[in-house]
Amino acid sequence: MKSISDQIKDIKNHGYTLDFSNVFNLAFENYKKIAVYAGLILLVFSVFFGVIAAVILIQIFGVDKLENAKFLTIEPQHLTQIQLVYYIFGTAILSAIFSPFTAGFLKMADSAQKDQEFKVATVFTYYKNHYFLQIFLATFTISLLNVAIGTFLELQHLNVLGLAVSLFLSFFTFLIIPLIIFGNLKAFDAIKSSFIIISKQPAILFALIITIVGAMLIGFMAFCIGLLFTIPFSYSMTYAIYCTIFNIDKEDPIDTIGKSDLE
């Protein structure tokens with residue numbers, strides 16, 4: 001069985017086929033296995049981190065300032081240069097810190113697909129192994145680029161263009177984490193590979209991503225809390241896309257050793 005790196009080289013040269021209905025059905029079947037469990041985890045940790053954040057902000061700024069909605073709205077045009085640097089790097093670091101949490105849900109989707117047991121600890125799997133650095137580095141790089149470009153365009157009053165660039169980067173990099181944790185690629189190889197893979201089938205992949213957006217809108221309309229139970233569909237869809245392209249169940253882990261660098 002070819003390694004992921006070899007398969008990516010084939011994709012770069014010859015492309016690949018992808019069937020919308022097959023991927024969607026795989027994602028939906030996977031989602032049914034993790035929806036409730038993953039949704040409850042998201043609910044519990046959302047409340048937990050929300051309370052901690054509120055307590056910290058109240059201790060630092062007081063209740064009066066937090067009651068002002070504008071206080072929590074960051075407008076780059078009102079920040080000094082040093083504050084802009086802190087804002088851009090702070091946002092990128094925060095995003096990178098939470099990225100292994102997202103990877104944990106992909107691990108949960110993988111376990112569910114293989115009928116393996118998964119627990120709450122599964123979502124923290126990648127905080128305690130060698131993948132952490134690669135996940136952190138890849139997410140930090142993309143987030144830093146995304147926030148920096150978005151902030152610059154907002155300062156130029158080009159908010160719509162900034163949003164378009166952000167969506168473009170998010171779309172072409174959504175396979176980075178699975179390429180790291182399932183494909184054993186290094187951070188920058190994963191970034192490069194994600195662009196290559198998605199550029200070969202952008203229309204079908206975009207249509208599949210739209211189904212995620214639709215699911216989240218339905219969840220949002222269900223008293224907002226439903227959103228937490230539809231977010232897992234995004235993990236199932238990302239996993240299904242990766243699994244369909246590379247068929248990870250058949251991959252021989254030995255083939256990936258020493259082959260993470262792409263030519």
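Note that these values count all heavy atoms, side chains included, but never hydrogens, waters or copies made by symmetry.
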Quick one: does any side-chain atom of [X] pair with a main-chain N or O of [Y] as donor and acceptor, under 3.5 Å?
| X | Y | result |
| --- | --- | --- |
| Q134 | K186 | no |
| S143 | T139 | yes |
| S199 | I196 | yes |
| K200 | K12 | yes |
| Y131 | I177 | no |
| Y37 | V120 | yes |
| Q201 | Y16 | yes |
| S99 | A96 | yes |

Item to complete: Please examine the side chains of K33 and D115, heavy atoms only from C-beta on, and report whether any two atoms are closer than 4.5 Å.
Response: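 The answer is yes, as the side chains (C-beta and beyond) meet within the 4.5 Å cut-off.
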Determine the interplanar angle of the [X] and [Y] rings, folded into 0 to 90°, and report it as parallel if under 30°, tilted if 30 to 60°, perpendicular if over 60°.
| X | Y | value |
| --- | --- | --- |
| F172 | F195 | parallel |
| F28 | F24 | parallel |
| Y242 | F246 | tilted |
| F89 | F140 | tilted |

Worksheet item: So, Y126 versus F136, ring centres under 6.0 angstrom or not?
Response: no
Worksheet item: In terms of side-chain heavy atoms, does Y239 have a donor or acceptor partner in D110 at a distance below 3.5 Å?
Response: yes
Discussion item. Could you check whether atom CZ of F132 has more than 12 heavy atoms from other residues, nucleotides or ligands sitting under 6.0 Å from it?
Written reply: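 Yes, the 6.0 Å shell around CZ holds more than 12 heavy atoms from other groups.
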